[in-house]
Amino acid sequence: AEPDSPAPARPARPRWLSEARDGAIVAATSALITAWLFKIWEIPLRLPFLYQRDGIAQIAEVKGIIENGWYQFNPRVCWPIGYDHHDFPIGSDNLHYLGLKVMTWFSHDPVLVTNAYYLLSFVLVALSTFYVVRYLGVSRRFSFVAAMLYTFLPYHFLRGTWHLSLAAYYLVPVACLFTIMVWRNAPPFFRETDGADGSSTVRF
């Protein structure tokens, strides 16, 4: 009898598909933990998590984005000249305000948008941490643990909605990665080329 022919090898799964699956697991896990910690099925999301001090100012800025398009000027405050925010530079937070702006396309409730962005920040921190640690060559399991531990630091809860841009620290892992890349003489958006004399040069 002739020996059985070997079964055809399964095609390798694309790497992006595996990374997307891992990201979905990280996002779902962090979202479930966040929902359980805050018990979002019990709390009214249309009421402020913090309605004092900077928590009020944060809601006012989101309301200004909804009514005026951006947060830097609000004619409804400081009558008769309006509230001009240009003298208080916070340009480093523009990405956060852009995210809030996008969310206002789906809801015109400033409190709901503020609370939703804060809750979403837990998922964003988990995803950025996971992919940065994975990029550095760490195993999936350890990257998952590192992402969960970093996401649910006490700092994240202490800042809350009254310092929303500080609470949403999902860019910190990315900044650390760029720092490591520069330290390794491999800055982002540059590539290393070899010269004719054997030397290497970093070019844009």
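Residue numbers run from 1 in the order of the sequence given. Values reported hereafter were calculated over all heavy atoms of this structure, with side chains retained and with hydrogens, waters and symmetry mates removed.
- D93 places no side-chain N or O within 3.5 Å of a backbone atom of S165 that could act as its donor or acceptor partner.
- Criterion: ILVMFWY side-chain heavy atoms under 4.5 Å apart, direct or through other members. Under it, F49 and I40 are part of a common hydrophobic cluster.
- Crowding of F157 atom CZ: a count of heavy atoms from other residues, nucleotides or ligands under 6.0 Å exceeding 12.
- In terms of modelled atom types and a separation under 3.5 Å, the side chain of T151 and the main chain of A126 share a donor-acceptor contact.
- Once rounded to the nearest 0.5 Å, the distance linking OH of Y83 with CG of N74 reads 9.0 Å.
- Using a 4.5 Å heavy-atom cutoff, the side chains of L164 and L100 are in contact.
- Side chain to side chain, H96 and Y117 meet the donor-acceptor criterion of an N or O pair below 3.5 Å.
- Listed by chain and number, the residues in a side chain to side chain contact (heavy atoms under 4.5 Å, CB included) with V145 are L149 (sequence neighbours excluded).
- Side-chain N or O atoms of S128 include one that pairs as donor or acceptor with a backbone N or O of Y170 at under 3.5 Å.
- W162 places a side-chain N or O within donor-acceptor distance of the main-chain N or O of L158, the cut-off being under 3.5 Å.
- The distance from atom CG of L127 to atom CZ of F122, rounded to the nearest 0.5 Å, is 14.0 Å.
- Across S143 and S139, no two heavy atoms sit closer than the pair OG-O, 2.8 Å.
- A continuous path of Ile, Leu, Val, Met, Phe, Trp and Tyr side chains, each step under 4.5 Å between heavy atoms, connects L120 with L166, placing both in one hydrophobic cluster.
- For the atom pair L32 CG and L37 CG, the distance stands at 11.0 Å (nearest 0.5 Å).
- From D109, atom CG reaches atom OG1 of T114 across 8.5 Å, with rounding to the nearest 0.5 Å.
- Residue W41 places its CH2 atom among more than 12 non-hydrogen atoms of other residues, nucleotides or ligands, all under 6.0 Å distant.
- K63 pairs by the salt bridge (Lys or Arg N to Asp or Glu O under 4.0 Å) definition with E67, not counting sequence neighbours.
- Taken together through direct or relayed side-chain contacts under 4.5 Å among Ile, Leu, Val, Met, Phe, Trp and Tyr, L50 and F38 form parts of separate hydrophobic clusters.
- With a 6.0 Å radius and a threshold of 12 heavy atoms from other residues, nucleotides or ligands, Y51 has its OH atom at or below the threshold.
- Looking at heavy atoms from C-beta onward, W183 lies out of side-chain contact with T179 at the 4.5 angstrom threshold.
- T104 contributes a side-chain N or O that, together with a main-chain N or O of K101, makes up a donor-acceptor pair within less than 3.5 Å.
- Taking all atoms of both residues into account, the shortest heavy-atom contact from V111 to P48 is CG1-N, 3.4 Å.
- No chain of hydrophobic side-chain contacts below 4.5 Å, direct or via other Ile, Leu, Val, Met, Phe, Trp or Tyr residues, connects V138 to V125.
- Once rounded to the nearest 0.5 Å, the distance linking CD1 of I25 with OG1 of T29 reads 7.0 Å.
- With a 4.5 Å cut-off on side-chain heavy atoms, P173 and L177 do not count as touching.
- Shortest non-hydrogen contact noted between H156 and S121 is NE2-OG, 3.0 Å.
- As a member of the Ile/Leu/Val/Met/Phe/Trp/Tyr network built from side-chain separations under 4.5 Å, F106 groups with V102, W105.
- R141 has its side chain out of reach of F144: every pair of non-hydrogen atoms, C-beta onward, lies at least 4.5 Å apart.
- Applying the side chain to side chain contact (heavy atoms under 4.5 Å, CB included) rule to D84 yields the partners F73, H86; only residues at least two apart in sequence or on another chain are considered.
- A pairwise comparison of heavy atoms in P75 and N68 identifies CD-OD1, 3.5 Å as the closest pair.
- Residues that satisfy the side chain to side chain contact (heavy atoms under 4.5 Å, CB included) test with D22, not counting sequence neighbours, are E19, F130, R140.
- Residues L95 and Y71 are members of one and the same hydrophobic cluster, defined by side-chain heavy-atom contacts under 4.5 angstrom among Ile, Leu, Val, Met, Phe, Trp and Tyr.
- A pairwise comparison of heavy atoms in V132 and V174 identifies CG2-N, 4.1 Å as the closest pair.
- Taken to the nearest 0.5 Å, the CE atom of M148 stands 12.0 Å off from the CG atom of L153.
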Side-chain donor-acceptor contacts of residues 52-61 below 3.5 Å, not counting sequence neighbours, with atom names and distances?
unit_1	atom_1	unit_2	atom_2	d
D54	OD2	H163	NE2	2.9
E61	OE1	Y97	OH	2.5
E61	OE2	H85	NE2	3.1

